[in-house]
S.K.: 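Dumping the structure here so I can ask a few things about it.
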Amino acid sequence: RLVRGIYRMPYPMKDRDFVWQEWSALLPTQDGGSLYISVAYSPDDEATLCPAEPERFVRAHLKLSATFARQGPGEQGVRAAFIIQGDIKGNMPRSLQNLLAGNASTYLAQFRDAHSTVLG
């Protein structure tokens with residue numbers, strides 16, 4: 001699927017928009033559990049697929065994103081791992097980069113909330 005995400009930036013920076021192609025699957029495991037896999041990247045023709053709006057956003061680029069989540073049979077919890085490499089484009093002070101980078105717990109909480117109907 002083709003996805004567009006808009007990320008709010010602190011003033012005075014412009015918000016960023018990402019366009020990415022995403023593939024995901026929920027697979028059964030041999031022991032009766034579930035394995036969720038998601039891989040995403042910004043396609044080379046993103047501007048054709050979803051035209052940029054330079055007056056409102058800076059078009060960022062997702063080089064690679066991959067998420068793996070495993071839920072064992074009968075388990076309430078999920079074990080997850082992810083990797084994200086992106087370029088938010090434009091000039092940004094290093095202190096602000098670190099502030100906006102987020103942390104694993106925030107990402108995983110958002111992942112859980114977005115996919116709770118799939119894995120829960």
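All figures in this text were calculated on a predicted structure; none of them were measured in a lab.
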S.K.: Check P43 against Q21 and note the closest heavy-atom contact, atom names and distance.
M.R.: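 Heavy atoms of P43 and Q21 come nearest at CD-N, 3.8 Å.
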S.K.: For F18 and Y7, take the angle between the two ring planes, folded into 0 to 90°, and tell me which bin it lands in: parallel under 30, tilted 30 to 60, perpendicular over 60.
M.R.: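 The arrangement is perpendicular - the two ring planes meet at more than 60°.
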S.K.: Any heavy-atom pair between the side chains of M9 and V58 that's under 4.5 Å?
M.R.: no
S.K.: For L27, look at atom CG and say whether over 12 heavy atoms of other residues, nucleotides or ligands are found less than 6.0 Å away.
M.R.: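 It does: L27 CG has more than 12 such atoms within range.
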S.K.: If I compare all heavy atoms of K89 with all of H61, which pair ends up nearest, and what's the gap?
M.R.: CE-CB, 4.0 Å
S.K.: Report yes if some heavy atom in the side chain of L64 is under 4.5 Å from a heavy atom in the side chain of Y41; otherwise report no.
M.R.: no
S.K.: Is there a side-chain contact between R70 and T29 (heavy atoms, below 4.5 Å)?
M.R.: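 Answer yes - side chains close enough.
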S.K.: Is any side-chain heavy atom of F68 closer than 4.5 Å to a side-chain heavy atom of I37?
M.R.: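 SC-SC contact between F68 and I37 confirmed.
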S.K.: If we only count heavy atoms from C-beta on, is the L62 to I84 side-chain gap below 4.5 Å?
M.R.: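 Yes, their side chains come closer than 4.5 Å.
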S.K.: Out of curiosity, I88 CD1 to D15 CG, how far, rounded to the nearest 0.5 Å?
M.R.: 11.5 Å
S.K.: More than 12 heavy atoms of other residues, nucleotides or ligands under 6.0 Å from CG of D45: is that the case?
M.R.: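 Above 12, so yes.
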S.K.: What's the separation between atom CH2 in W20 and atom CZ in R4, rounded to the nearest 0.5 Å?
M.R.: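 These two atoms lie 10.5 Å from each other.
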S.K.: Within a strict 4.5 Å, meaning less than it, do heavy atoms of the F82 and S65 side chains meet?
M.R.: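 Result no, sub-4.5 Å side-chain heavy-atom pair not found.
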S.K.: State, to 0.1 Å, how close P51 and R59 come at their nearest heavy-atom pair, and which atoms those are.
M.R.: O-NH2, 3.5 Å
S.K.: Quick one: does K63's side chain get under 4.5 Å of D87's, heavy atoms only?
M.R.: yes
S.K.: Which atom names give the shortest non-hydrogen contact between M13 and R16, and what distance separates them?
M.R.: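 That would be CE-NH2, 3.7 Å.
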S.K.: Are F57 and K14 side-chain neighbours, meaning at least one heavy-atom pair lies under 4.5 Å?
M.R.: no
S.K.: Does L35 share a hydrophobic cluster with V39, counting links as ILVMFWY side-chain heavy atoms below 4.5 Å and allowing steps through other members?
M.R.: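 Shared cluster, yes.
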S.K.: If we ignore hydrogens and angles and just use 3.5 Å, is the side chain of S42 paired with the main-chain N or O of V19 as donor and acceptor?
M.R.: yes
S.K.: Would you indicate whether E55, at its atom CD, is surrounded by more than 12 heavy atoms from other residues, nucleotides or ligands within a distance under 6.0 Å?
M.R.: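 Yes, the 6.0 Å shell around CD holds more than 12 heavy atoms from other groups.
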